[in-house]
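As the structure is a computational prediction, the values presented were derived from the model and not from experiment. FYI, the numbering just counts along the sequence from 1.
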Amino acid sequence: MKTFDVYPLFDVNIVKGKGCKVWDSNGQEYLDLYGGHAVISVGHCHPHYVEKMTEQLNKLGFYSNSVQNKLQVELAERLGKACGYEDYQLFLINSGAEANENALKLASFTNGRKRVLSASKAFHGRTSLAVEVTNNPKIVAPINDCGHVTFLPLNDLAAWEAEIDKGDVCAVILECIQGVGGIQMATAEFAQGLAAACKRNGTFLICDEIQCGYGRSGKFFAHQWLGIKPDIITMAKGIGNGFPMGGVLISPEFKPVYGQLGTTFGGNHLACTAALAVLDIMEQENLLQNVIETGDYLVCRLKELQKTQPHITDVRGRGLMIGVEFDVPHAEIRRKLVYDYHCFTGCAGTNLLRILPPLCLTKADVDDFMERLTKVLASI
């Protein structure tokens, strides 16, 4: 049997990681400025994370949600304090797509509506409802195309208000910083107007914090830069530092019903241990402040390079979620970064490098990256 060939792969076999570095099977070291799609939050193989996971695995790896799991209770309390939503409720699942799926279901269960508004270039996942609110027809199968969704331009408040004021919109789902969409950022004016329109029409506001959340922007959630409080917040990626996990933060106005939502693997003992270890490290190492300081430094260095490097047309983002746009396709730049200068980055569209490193990135790592990127751009 062969694997189902759906990923274009670099010819690199990564076998080891530490902090913001990874190594391939030949012993070659790479600087990791992508963290496996923004998943590695506290660094590869952090000693505290490894210790806690090993300790838990030696006790119990899994049991179902038919019994009490005190680790879930501890995580809910810790997470509520860390993110500022102590009055919200937590539902644990396994992925970002599953988080968005459950958020949309919960909204529809509660107000009885079906229509959803989503942003142009949005990406919310690949499962049934999540992919329907994703603005990419290439990955929406006919069975997923159910006509529930209206896509609107990000930051065009009048267009969103006009649709919401029709009174039939179940939910609005929004990435406050778009990832796959190219590091496009919602403005505070737009977000606040959108939240107000939702409130007056009984429409639920869902903030998808799967990529832009969990500290990546420098606040715990990216929407906290914009002065809004969503009804539902979805998260995944950085929550478990690589262990598959997702979560939904749910406003107190939603009342839980037995059997309405459910999951087999969600919130299992190992997953909760991973999430608790991540919170420990984020707090002990003051990673949110590091994100702001190192992210600002990286943006400044990139903008300095832009002045002398005509291929760079824009630098945008917040914290350690940064996009570098070029007037040439990113494919050759990424290829040279990986094979010639041993550095991983992400991409979006055809011309944008997406930089999503572990939150423990240092200024020395930034200087290292800038030296490599400068050499690549000089060679194209």
Side-chain angles (χ1 to χ4, degrees), residues 38-39 41 72 75-111 116-119 122-125 127 129-130 133-134 154 170-179 185-186 188 190-192 194-196 198-199 203-240 245-256 261 263 266-267 271-272 275 278-279 282 288 318-319 321:
V39 166
S41 49
Q72 292 184 0
L75 176 58
E77 291 174 352
R78 290 276 308 279
L79 180 59
K81 290 176 182 176
C83 71
Y85 281 94
E86 291 184 77
D87 60 331
Y88 274 44
Q89 305 159 92
L90 176 64
F91 179 60
L92 294 168
I93 56 283
N94 311 284
S95 70
E98 195 177 342
N100 284 334
E101 198 86 13
N102 281 281
L104 290 163
K105 285 173 61 179
L106 186 60
S108 185
F109 273 131
T110 304
N111 64 17
V116 179
L117 303 185
S118 183
F123 185 92
H124 296 292
T127 55
L129 281 170
V133 296
T134 290
L154 187 68
C170 167
V172 166
I173 187 165
L174 177 70
E175 302 162 276
C176 291
I177 307 175
Q178 292 185 327
M185 301 171 65
F190 168 73
Q192 291 170 23
L194 188 62
C198 287
K199 189 65 68 179
T203 295
F204 294 116
L205 176 59
I206 301 169
C207 277
D208 177 340
E209 294 276 356
I210 289 157
Q211 188 169 130
C212 60
Y214 237 82
R216 183 149 297 280
S217 72
K219 291 187 182 290
F220 203 94
F221 293 124
H223 72 261
Q224 291 171 321
W225 290 102
L226 305 179
I228 60 172
K229 191 172 186 179
D231 301 294
I232 304 175
I233 303 161
T234 58
M235 58 192 183
K237 293 194 183 293
I239 184 173
M245 192 178 197
V248 186
L249 294 185
I250 304 162
S251 163
E253 69 180 283
F254 293 88
K255 304 305 177 187
L261 304 180
T263 171
C272 287
V278 166
L279 288 176
M282 288 178 70
L288 292 185
R318 194 189 292 275
M321 187 169 183

So which atom in Ala99 and which in Gly247 form the shortest heavy-atom distance, rounded to 0.1 Å?
CB-O, 3.7 Å
Taking the side chain as every heavy atom from C-beta outward, state whether Phe221 and Ile228 have any atom pair closer than 4.5 Å.
no
Nearest 0.5 Å please: distance from the NZ atom of Lys237 over to the CE atom of Met245.
15.5 Å
What's the spacing between Cys170 SG and Phe204 CZ if we round to 0.5 Å?
7.5 Å
Which residue is it: Thr234, Thr134, Asp208? I am looking for the one with a side-chain hydrogen bond (donor to acceptor under 3.5 Å, both in side chains) to His124.
Asp208
Taking Pro252's backbone N and O only, do any of them form a donor-acceptor pair with Lys255's side chain (distance below 3.5 Å, no angle check)?
yes
Let me confirm one number: the CE-CD distance from Met185 to Gln178, rounded to the nearest 0.5 Å.
11.5 Å
Is there a donor-acceptor pair closer than 3.5 Å between any side-chain N or O of Glu209 and the backbone N or O of Ala222?
yes
Compare every heavy atom of Gly267 with every heavy atom of Cys272, then report the nearest pair and how far apart it is.
SG-O, 3.4 Å
Partner of Leu174 under side chain to side chain contact (heavy atoms under 4.5 Å, CB included), chosen from Leu154, Leu117, Leu226, Ile206:
Leu154
Could you tell me if the side chain of Leu279 sits less than 4.5 Å from the side chain of Leu75, heavy atoms only?
yes
When rounded to the nearest 0.5 angstrom, what is the spacing between OG in Ser95 and CD1 in Ile239?
11.5 Å
Would you find a donor on one side and an acceptor on the other, under 3.5 Å apart, between the side chain of Gln89 and the backbone of Pro256?
no
So do the side chains of Glu98 and Thr127 get within less than 4.5 Å of each other, counting heavy atoms only?
no
So, do Leu104 and Val116 sit near enough that their side-chain heavy atoms are less than 4.5 Å apart?
yes
Determine whether a donor-acceptor pair (N or O, by modelled atom type, separation under 3.5 Å) exists between the side chain of Thr110 and the backbone of Leu106.
yes
Going from CD1 on Ile93 to CG on Asn102, what distance comes out if it is rounded to the nearest 0.5 angstrom?
5.5 Å
Contact summary for Ala236 and Gly96, nearest pair of heavy atoms
CB-N, 3.4 Å
Considering all heavy atoms of both residues, which atom of Asp231 and which atom of Leu205 are nearest to each other, and what is their separation?
OD2-N, 2.8 Å
Check: Tyr85 ring centroid to Phe220 ring centroid under 6.0 Å
no
For Glu175 and Gln211, indicate whether the former's side chain and the latter's backbone hold a donor-acceptor pair under 3.5 Å.
no
Kindly indicate whether the side chain of Thr203, heavy atoms from C-beta on, has any atom under 4.5 Å from the side chain of Val172.
yes
Of all heavy-atom pairs linking Arg318 and Ile177, the shortest is CB-CD1, 4.0 Å
Can you find a pair of side-chain heavy atoms, one from Leu90 and one from Leu249, that are under 4.5 Å apart?
yes
Can you tell if the side chain of Trp225 reaches within under 4.5 Å of the side chain of Ser217, non-hydrogen atoms only?
yes
Least distance between heavy atoms, Val278 atom then Ser41 atom:
CG1-OG, 3.8 Å
